[in-house]
Amino acid sequence: MSSIEIRNVTKSYGALQVLHGIDLNIVDEEFVVLVGPSGCGKSTLLRMIAGLEEISGGDVLIDGDRINDVSPQKRDLAMVFQSYALYPHMTVAENMGFSLSLSGAKKPQIQKEVGEAAKILHLEDYLERLPKNLSGGQRQRVAMGRAIVRDPKAFLFDEPLSNLDAKLRTHMRAEIRQLHQTLNATSVYVTHDQIEAMTLADRIVVMNAGRIEQVGSPIELFDTPMTKFVAGFIGAPTMNFFDGCVQADVDANPYITLGADNSHVPLPEGMKNHVGQQVSIGIRPQHILAEPAAPESGMITGSVSLVEQTGCETNLLLSAAGQQVTVQTKERMNVATGDWVNLSLKADCLHIFDQGTGRRLN
Amino acid sequence: MSSKAKFSLLCWGALMPLMVVILFPYATMLSTALKRKDEIFQFEISWLPDGLYLGNFVELFVNRGFGQAIFNSIYISVGATLVSLLVALPAAYALSRLKLPGKSTFRTYLLITQMISPIVLIVGLFRLFAYLGMINDLNALVFAHSAFYMAFAVWMLQSYFDTIPKDLEEAAWMDGASRFASFRRVFLPLCLPGIAVTSLFTFVNSWNEYAMALTILRDGSLQTAPVRIAFLTGTLYETEWNIIMAATLIATLPVAIVFASIQSYLIRGLSLGGVK
Ligand SMILES: Nc1ncnc2c1ncn2[C@@H]1O[C@H](COP(=O)(O)OP(=O)(O)OP(=O)(O)O)[C@@H](O)[C@H]1O
Ligand SMILES: [Mg+2]
């Protein structure tokens, strides 16, 4: 297995620049997930690693060797496509053994390797079928199988699960993670689904508009998002943001007033230096406490506009502080549309961002 | 009767007028080809011949050299099909898959060449082949036909190639296949239906082509089937319909055989579905 190094890589289509200087180091045996909204350039970056897309600027290195000008055939990487791209005229076994037969392996050896891969992926019963006679999940597994029969330097995945239904996706997600634990293969995985990113990755790379916003472990990204974009992208339901101006009280302690309410939300000590600054306060739906109560001065109050029961959690959609607020709680709350609740924000769970730059301040 | 059966009966009923138009000439051909000469000119026309008389065919092959004409036609049509495929396949692939400057201009140019009728060019072509010393050479017609039908072949193949997902080839490259290997082992098998249709078209066009064959092949022994059939009508004092019909019947056979043998590829093309 191998390491992949991406140095100041850019990509332009004519005058349109879609990647602006990407730097990334992927170490041996690491599972890295590229995540970001549609059109941010994830697939482009992956395809540049694969060699399917020309590199406009910068370098890509595998095991320290610059491979910009090496053709995809010679990079020794395996790729799983979103469309699976199974060869329609070949059986499952032929699909999986194609790379081996190209490299001149003998029939018995191909059969053995394909058999082993099929066993790992539970495909033994389907080896003689054509792709058109397989279900979506089985096709997906064949695509994986085609990648694992060889022993490539790294695996590249481009949204391999996006064509599956929700349940199968969860199942395959777990299988991919288990497969990684068995094979320990360096993997780069593209998705726009943040849950997939969180559950699969050793390290997540959040991309936005052709730039890397933040790189970190799932927990790092969840607990300390460095930009407002990452904060809004990671975590479900989406983080709530309130805009306001940092103020100081008589004791010079920083606080903020949210919306038109005369609420008083104390801010961490460190925000002293930012008094007078326009900020966005982010707080996750899980970190807001909602209590049914009559509106009370000094508290943030909201009226319930929607109650969602998932069985496990209760999601409340509120209008509070002049905007929509989502609250999630593990408790069974007995509230109905139109009820009033008091909200309190967990002080140590506030994420404070500069309104202009979107950078984290605390 | 189920509604489905009723529906198909209705469809067949609606198709009947067309069927008559298509089948009537065949019926005439078949019935006339199996009659004796004197049977044809009887006052009362009967559809069924008195007996299965095969003398017309014997006469055609033994005394009129029609076998040679069929052979010439097959040689030219197969040759033209192969040569035009040989050039059109890589050309269409390049147009479909590679970044080329002036691609759309080239495509338009191909289309424009199709607007010129070959008849207009015949004098020029004759002089060209005369200069090359290829008058009375079957290969001259192979080249002329393949040149004329190539533009369409490129056009048609490119349209078909465009429908083959690029992912499949990219997957093959990732699997380690060279451009040529992925073309041969992944791309080409998927394109067989498109190639089949294109070759069928070229073959039929070349088979039926008359003007060029008449001009360039002067020698009687080099005549193609359509030219020979035309000569059967014009050169004698009487028109021997029984012989002519036997000849046309035979001339339709190769096309029918080619079509039947290619048919399975046409159907298979519709049922492939490897990409999601
Ligand atoms: N051939 C091309 N010519 C011009 N622009 C292109 C081309 N291919 C991609 N782009 C642009 O590059 C940007 C990045 O595309 P890319 O496919 O990498 O997005 P993505 O992050 O994978 O999105 P998605 O999640 O929708 O797959 C997009 O804005 C897209 O419009
Ligand atoms: Mg993509």
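Below, read A as the first sequence line, B as the second, and so on, with proteins coming before strands; counting in each chain starts at 1.
Chosen from B:Glu170, B:Glu169, B:Arg179, the residue pairing most often with chain A at heavy-atom distances under 4.5 Å is B:Glu170.
The CZ atom of A:Arg150 sits 7.0 Å away from the CE atom of B:Met174 when rounded to the nearest 0.5 Å. With values rounded to the nearest 0.5 angstrom, A:Tyr87 atom OH is found 8.5 Å from B:Ser182 atom OG. Taking CG of B:Asp175 as the reference point, atom CE of A:Met79 lies at 12.0 Å (rounded to 0.5 Å). Considering CG of A:Leu52 and NZ of B:Lys166, their distance stands at 7.5 Å, rounded to 0.5 Å.
Within 6.0 Å of CZ in A:Arg66 there are more than 12 heavy atoms belonging to other residues, nucleotides or ligands. Around CD of A:Gln111, the count of heavy atoms belonging to other residues, nucleotides or ligands within 6.0 Å does not exceed 12.
Closest non-hydrogen pair, B:Gly176 versus A:Leu102, comes out as C-CD1, 3.9 Å. Nearest heavy-atom pair, B:Leu168 versus A:Leu86, reported as atom, atom and distance to 0.1 Å: CD2-O, 3.1 Å. A pairwise comparison of heavy atoms in B:Arg185 and A:His89 identifies O-NE2, 2.9 Å as the closest pair.
Contact of B:Ala177 with chain A is made through backbone and side chain together, with heavy-atom distances under 4.5 Å. With a threshold of 4.5 angstrom between heavy atoms, A:Arg47 approaches chain B through side-chain atoms but not through N, CA, C or O.
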